[in-house]
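First the structure, in the form of C-alpha cells, and then the observations on it.
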Amino acid sequence: MITLRHDWTIQEIEAIYTAPLSDLVFRAADVHRAHHRPDEVQGCMLLSIKTGGCPEDCAYCPQSARYDTEIDRQDLMNVDETLAAAGRARDQGATRFCMGAAWRDVPKDGRFDRILEMVKGVRALGMEACCTLGMLTQEQADALAEAGLSAYNHNLDTSPEFYGSIITTRTYQERLDTLARVRRAGVTVCSGGIIGMGEDRTARYGLLRQLAVLDPHPESVPINMLVPVEGTPLGNRPPEDSLELVRMIATARILMPKSMVRLSAGRLALSDEAQALCFLAGANSVFLGEKLLTTPNPESDADHRLFEKLGVKLVGAKPVGAEPRATA
Ligand code: SAM
Ligand code: DTB
Ligand code: SF4
C-alpha cells in the first residue's frame, strides 16, 4: 500500500518528472492501478453560466475584459436554462456538471442565491455539482456546502514564482486562502494548472509541489494545456509538446495517487495516441462536450470512438473516501 505524502521536495519531483519516459509512465501506471480502475474514465461537462467581462488579467483567458477577444458576454444564466443543460449533460454520459463564471469573486447579491438554486437542482438530477466562480468568503463556501456542492474548482495555475508573469490582479496567497475555505466548508477541492504558457519545467515542479503539499491532496487535479486564444497575451504561444503533458500527468498521478487527474483543456490539439498515453500515465477524467467554457473541445462522436478504441468506460466519480477497487 502506498502511503500518501505531503512533503514532496522540488528535487524529488524533478527526478520523477525527468525520468526516462518509459520508466515514468510505468511507475505512474502502477500507482494508478493500485488506486483506480485503469479502464474507467470519469466524464465531466462544463457550462459557462456567466461569460466574459471579467476584471482579472489572467494572460491565458479569453474572458478577461482587458483583452480584445471574440467572446459574447453573457450575464448570469437563469436556473431553468442551467438545469436543462445539466439534464442534457447527464444524457450524454456526464456524471459531474461544472458551472463556471467569469468573476473575480462571487457577488454578494441575489445572483449568489441563484447559484445555490443551480447547485441544488444539479444534485437533484443525481449528478455531482461543481462550481468555479472565483474567490469565495467562508460564508459563501459554507452556503455552497449546505446547498450540496460536491466540488469547487479553483486552479493554482502555475508555480508561485511564475504566477506574477501570468496574473497581477490577485495573489497566489488569495488563491490558497480560497482553497482553504472550500476545504473547511467540507466541499471537495478541485485544483490544478496549465502548461504551455511559456513556463519552464521548474515552474511545473513548483505547481505540482504546491498541490501535493496540500493535506489532504485536492480530490481532483485538472491539468490543462493552454488553448491559445487570439487577443490574449498568450494568443501566439506555440503548441506545447504533448509529451510534456504526459510527464505532467504522470508526475501528478505519482505525487497524488488517490486524486482524480483530469486531462482538461487542450485535448483538441492531441492525437488519439497522445491521449492514450495520458490515460496510461494516470489521467482518469476528462471534460466531455463540444465546448469547454468558451473554446472548442472534441466532438462527442469522436470521443465515443476514442473511448471505444481504447476500451475505456465512462463512469461516475468515486464516492469521496471510497476504498480503491482491486484490479484483476
Ligand atoms: N473565474 C474563475 C477562476 O478564474 O477561478 C473561474 C473560471 S476560469 C476560466 C477556470 C480555469 O480555466 C482557469 O483557472 C484556467 O486554469 C483555465 N483556463 C482559462 N483559460 C484557459 C485557456 N485558454 N487554456 C487553458 N486553460 C484555461
Ligand atoms: C479547468 O481546470 N479547466 C476548465 C475548468 N477547470 C473550469 C476550464 C478550461 C477553460 C478553457 C478555456 C475556455 O474554454 O474558455
Ligand atoms: Fe477571470 Fe477566471 Fe478568466 Fe482569470 S481565468 S480572467 S479570473 S474568468
Side-chain angles (χ1 to χ4, degrees), residues 45-79 81-82 85 98-116 118-119 130-137 140-141 144 152-160 162-179 181-182 190-199 203 207 222 224-237 264-266 268 287 289-297:
M45 214 172 264
L46 275 171
L47 177 68
S48 182
I49 55 171
K50 186 270 173 186
T51 308
C54 181
E56 301 285 85
D57 70 350
C58 311
Y60 47 76
C61 188
Q63 303 201 67
S64 166
R66 296 164 192 250
Y67 314 131
D68 188 11
T69 58
E70 292 190 359
I71 290 288
D72 291 327
R73 290 191 187 187
Q74 184 201 53
D75 288 341
L76 181 62
M77 282 172 61
N78 68 44
V79 178
E81 278 172 325
T82 305
C98 181
M99 296 165 276
W103 280 322
R104 170 181 166 77
D105 45 22
V106 177
K108 297 187 180 72
D109 58 25
R111 286 174 291 179
F112 185 54
D113 300 316
R114 225 190 288 173
I115 299 279
L116 296 176
M118 292 176 184
V119 170
C130 173
C131 283
T132 181
L133 314 167
M135 295 186 280
L136 292 179
T137 63
Q140 289 168 331
L144 286 165
Y152 195 79
N153 167 248
H154 200 60
N155 290 339
L156 292 176
D157 280 344
T158 188
S159 67
F162 190 67
Y163 185 86
S165 18
I166 299 295
I167 302 160
T168 67
T169 48
R170 62 171 142 52
T171 64
Y172 209 81
Q173 189 56 48
E174 284 176 305
R175 293 235 127 186
L176 289 168
D177 291 347
T178 291
L179 292 179
R181 291 179 191 128
V182 170
C190 171
S191 189
I194 311 183
I195 69 163
M197 302 187 292
E199 76 288 345
L207 165 66
N224 297 275
M225 201 164 69
L226 178 74
V227 179
V229 179
E230 210 181 309
T232 63
L234 300 181
N236 293 322
R237 286 288 320 159
S264 302
L268 259 189
F287 287 115
E290 283 144 35
K291 200 151 114 186
L292 291 164
L293 289 172
T294 65
T295 64
N297 197 42

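As a basis for the values below, the full set of heavy atoms in this structure was taken, side chains included, without hydrogen atoms, waters or symmetry mates.
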Is the backbone of [Y] close enough, under 3.5 Å, to the side chain of [X] for a donor and an acceptor to pair up by distance?
{"X": "Arg114", "Y": "Leu76", "answer": "yes"}
{"X": "Asn153", "Y": "Cys98", "answer": "no"}
{"X": "Gln173", "Y": "Thr171", "answer": "no"}
{"X": "Tyr60", "Y": "Thr232", "answer": "no"}

For [X], what residues pass the side-chain hydrogen bond (donor to acceptor under 3.5 Å, both in side chains) criterion, not counting sequence neighbours?
{"X": "Asp57", "result": "Thr168, Thr169"}
{"X": "Asn236", "result": "none"}
{"X": "Thr82", "result": "none"}
{"X": "Thr69", "result": "none"}

Q: Mind jotting down which residue pairs meet the salt bridge (Lys or Arg N to Asp or Glu O under 4.0 Å) criterion with at least one end in residues 62-71? Sequence neighbours excluded, please.
A: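 Not a single pair qualifies under salt bridge (Lys or Arg N to Asp or Glu O under 4.0 Å).
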**Q.** Summary of salt bridge (Lys or Arg N to Asp or Glu O under 4.0 Å) pairs that have at least one residue in residues 164-176, sequence neighbours excluded
**A.**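 For residues 164-176, and leaving out neighbouring residues, the salt bridge (Lys or Arg N to Asp or Glu O under 4.0 Å) pairs sorted by first residue read Glu56-Arg170, Arg104-Glu174.
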Distance (rounded to the nearest 0.5 Å) between [X] [atom1] and [Y] [atom2]:
{"X": "Lys50", "Y": "Gln74", "atom1": "NZ", "atom2": "CD", "result": "10.0 Å"}
{"X": "Lys291", "Y": "Asn297", "atom1": "NZ", "atom2": "CG", "result": "11.5 Å"}
{"X": "Gln140", "Y": "Thr178", "atom1": "CD", "atom2": "OG1", "result": "9.0 Å"}
{"X": "Cys58", "Y": "Leu234", "atom1": "SG", "atom2": "CG", "result": "10.5 Å"}

Considering all heavy atoms, the nearest [X]-[Y] contact:
{"X": "Val119", "Y": "Cys131", "answer": "CG2-SG, 3.9 Å"}
{"X": "Gly192", "Y": "Asn155", "answer": "N-OD1, 3.1 Å"}
{"X": "Ala85", "Y": "Leu47", "answer": "CB-CD2, 3.9 Å"}
{"X": "Ala203", "Y": "Ser159", "answer": "O-CB, 3.3 Å"}
{"X": "Leu133", "Y": "Ala101", "answer": "CD2-CB, 3.9 Å"}
{"X": "Gly235", "Y": "Pro228", "answer": "O-CB, 3.5 Å"}

Restricting to side-chain contact (heavy atoms from CB on, under 4.5 Å), what partner residues turn up for [X], sequence neighbours left out?
{"X": "Asp113", "answer": "Leu116"}
{"X": "Pro233", "answer": "Ala59, Tyr67"}
{"X": "Ala265", "answer": "Asn224, Val227, Leu292"}
{"X": "Leu293", "answer": "Leu46, Ser48, Gln63"}

Q) After noting the C-alpha distance and the side-chain angles of Leu156 and Leu179, does the key distance pass the side-chain contact (heavy atoms from CB on, under 4.5 Å) rule? A) CA-CA 9 Å; Leu156 292 176; Leu179 292 179; 4.0 Å; yes
Q: Take Thr137 and Val106 through the test side-chain contact (heavy atoms from CB on, under 4.5 Å) and record every step on the way to the result.
A: CA-CA 8 Å; Thr137 63; Val106 177; over 6 Å; no
Q: Mind running side-chain contact (heavy atoms from CB on, under 4.5 Å) on Asp157 and Phe162 for me, showing each step along the way?
A: CA-CA 10 Å; Asp157 280 344; Phe162 190 67; over 6 Å; no
Q.
Holding to salt bridge (charged side-chain N to carboxylate O under 4.0 Å, His left out), I want the full list of residues that pass it with Asp109, two or more places apart in sequence or in another chain.
A.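 Per chain and number, Asp109 pairs via salt bridge (charged side-chain N to carboxylate O under 4.0 Å, His left out) with Arg111.
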Q | Pairwise side-chain contact, Ile115 with Leu144, heavy-atom cut-off 4.5 Å (strictly under) | A | yes
Q. Tyr172: what forms a ring-ring contact (aromatic ring centres under 6.0 Å, His included) with it, not counting sequence neighbours?
A.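 Once residues adjacent in sequence are excluded, the partners of Tyr172 under the ring-ring contact (aromatic ring centres under 6.0 Å, His included) criterion are Tyr163.
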Q) For Glu230, does the CD atom sit with more than 12 other heavy atoms under 6.0 Å from it, leaving out its own atoms? A)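 Result for CD/Glu230: open.
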Q: Please test Ile49 against Met118 for side-chain contact (heavy atoms from CB on, under 4.5 Å), starting from the C-alpha separation and ending with a verdict.
A: CA-CA 10 Å; Ile49 55 171; Met118 292 176 184; 4.0 Å; yes
